[in-house]
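Heads up: the structure comes next, in structure tokens.
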Amino acid sequence: FRTAQYEDYLAARGVKLHYMRRDAINASTIRQLSGYDLVFNQKCLITPALTRRIIGNSRRTLFDFDDAVYTRPGRPDRWPTSFRVKRRLHLWLRKADVVTTSSRYLADYAGRYSSRVITLPMSVDTELWRPADDRQQEETVIGWAGAPVNLPNLNRLEPVLRAVLDKNPAVRLAVFCGERPALQCRYDYYPFEPDSEHEFMRRLDIGLLPLPDEPYTLGKSPIKAIQYLACAVPVVGEISGGAPAEILDPGNSIAVHTEYEWQQALQKLVKDRDLRQSLGAAGRRLILERHNKSHVAEAVYRTIANSGPSGA
């Protein structure tokens, strides 16, 4: 989402990307860096010694991060680990010629250490991620899509989902994931298949966004929320501020914090089709305006081109 999806656009503008894995960096590859116009570091927190060698051998450097990499999901790091992570991050923020982030929230953090911060929002292809052409189904579909590592967030909603499903026999729950969830309530499981998630999203009437209440969440620009809204699917989720609140607002989603609020919000949307459609339409407009791949691609190009020594 930060580089690969823009490859064709960048190539048409004369920018060629060469990818290098973090574990492939060695003395030989560092010597080659001077042959590139720009070294783009996508949130790799490398040792200070290696960072200085990379920056010293590069014409220009750009550091990009789209998560709160200064913390981590779940249990916080112990002090020595936290100190080490922040030391590495802050070195890149201070020394990189340009810093890019995905949200104003992360840009504010980066701005403490750099005066060269640019916000490049997360984006999707709005021709691919779009509303269904014709929704004739009478049933209402509540859905969740995500990676197996995030299944605990869905599983903890089981009491809420079971209560909503029991009250509304015509409502379906659909899950798209690489692993079957451990839910005991009724649901339809859609195994992960590459390049098919957008088709799943179009089947939905309501999108679930359960987020853990932790510092890491505040810096997360949830791509799933963007995908839901791009397909005109209103979101119910735990939105407590930070980067998620830059995407989700009362015009396109319902914020919840307790099981009772979850159940009330889902019940409200299940019963009110007009509300679902108005929230979904507002969400679609937001994505077209701010998270449209074609618009963001130009901003990515300008950032890269302006960072190069010869505009290339």
Side-chain angles (χ1 to χ4, degrees), residues 1-4 19-27 29-30 33 39-58 61-120 122 146-156 177-179 209-225 237-247 257:
F1 288 104
R2 299 302 287 171
T3 52
Y19 293 95
M20 183 181 299
R21 288 176 53 90
R22 174 178 174 173
D23 56 11
I25 300 173
N26 54 37
T29 57
I30 289 176
L33 295 181
V39 172
F40 186 118
N41 178 353
Q42 218 283 304
K43 66 182 179 185
C44 285
L45 301 184
I46 308 166
T47 65
L50 190 55
T51 293
R52 292 188 175 92
R53 291 183 64 192
I54 291 172
I55 293 175
N57 282 273
S58 302
T61 55
L62 183 155
F63 181 79
D64 175 79
F65 67 118
D66 58 331
D67 284 312
V69 291
Y70 45 84
T71 183
R72 70 170 188 174
R75 181 174 55 83
D77 286 320
R78 294 184 177 181
W79 182 85
T81 301
S82 177
F83 175 82
R84 183 172 65 250
V85 167
K86 290 180 180 179
R87 181 187 179 202
R88 294 179 180 186
L89 171 61
H90 298 168
L91 180 59
W92 273 103
L93 296 180
R94 290 195 304 269
K95 297 296 185 181
D97 294 292
V98 181
V99 176
T100 56
T101 76
S102 58
S103 67
R104 294 189 301 273
Y105 181 84
L106 293 178
D108 288 343
Y109 182 94
R112 304 174 197 171
Y113 307 93
S114 172
S115 60
R116 306 166 301 280
V117 182
I118 298 173
T119 301
L120 298 174
M122 301 290 281
V149 68
N150 292 318
L151 276 176
N153 294 328
L154 175 66
N155 291 335
R156 65 181 170 81
C177 187
E179 180 182 316
L209 191 70
L211 297 172
D213 183 12
E214 58 188 18
Y216 184 80
T217 297
L218 294 175
K220 190 173 184 62
S221 300
I223 190 65
K224 288 295 174 285
E238 288 152 322
I239 309 159
S240 56
E246 296 177 29
I247 300 167
H257 301 94

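Quick note: numbers below take in every heavy atom, side chains included, and nothing from hydrogens, waters or symmetry partners. Every value quoted in this text rests on a predicted model; they were computed, and no experiment measured them. All residue numbers in this chain count up from 1 along the given sequence.
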### Query
Would D66 and K43 pass as an ion pair if we require N to O under 4.0 Å?
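Salt bridge: yes.
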### Query
Would you find more than 12 non-hydrogen atoms of other residues, nucleotides or ligands less than 6.0 Å from R22 atom CZ?
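Yes - once you tally the heavy atoms of other residues, nucleotides and ligands closer than 6.0 Å, there are more than 12.
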### Query
Quick check: are there more than 12 heavy atoms from other residues, nucleotides or ligands sitting under 6.0 Å from CG of N26?
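Result for CG/N26: enclosed.
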Give a yes or no on whether the backbone of [Y] and the side-chain of [X] come within a donor-acceptor separation of less than 3.5 Å.
{"X": "T217", "Y": "P212", "result": "yes"}
{"X": "R53", "Y": "A27", "result": "no"}
{"X": "T51", "Y": "T47", "result": "yes"}
{"X": "E246", "Y": "Y105", "result": "yes"}
{"X": "S58", "Y": "I54", "result": "yes"}
{"X": "R116", "Y": "R94", "result": "yes"}
{"X": "R2", "Y": "F65", "result": "no"}
{"X": "D97", "Y": "T61", "result": "yes"}

Euclidean distance, [Y] [atom2] relative to [X] [atom1], rounded to 0.5 Å:
{"X": "L106", "Y": "Y70", "atom1": "CG", "atom2": "OH", "result": "5.5 Å"}
{"X": "S102", "Y": "I247", "atom1": "OG", "atom2": "CD1", "result": "8.0 Å"}
{"X": "C177", "Y": "N150", "atom1": "SG", "atom2": "CG", "result": "8.0 Å"}
{"X": "K224", "Y": "L209", "atom1": "NZ", "atom2": "CG", "result": "10.0 Å"}
{"X": "R156", "Y": "L154", "atom1": "CZ", "atom2": "CG", "result": "9.0 Å"}
{"X": "I46", "Y": "L89", "atom1": "CD1", "atom2": "CG", "result": "12.0 Å"}

Which pair of heavy atoms, one from [X] and one from [Y], lies closest together, and at what distance?
{"X": "R104", "Y": "T119", "value": "N-CG2, 4.3 Å"}
{"X": "A4", "Y": "Y19", "value": "CA-OH, 3.3 Å"}
{"X": "M122", "Y": "S221", "value": "CG-CB, 3.8 Å"}

Min side-chain heavy-atom separation [X]-[Y] under 4.5 Å:
{"X": "I25", "Y": "I30", "value": "yes"}
{"X": "V99", "Y": "Y113", "value": "no"}
{"X": "L45", "Y": "R84", "value": "no"}

### Query
Parallel, tilted or perpendicular: which fits the ring planes of Y109 and H90, with parallel below 30° and perpendicular above 60°?
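If you compare the ring of Y109 with that of H90, the planes turn out tilted.
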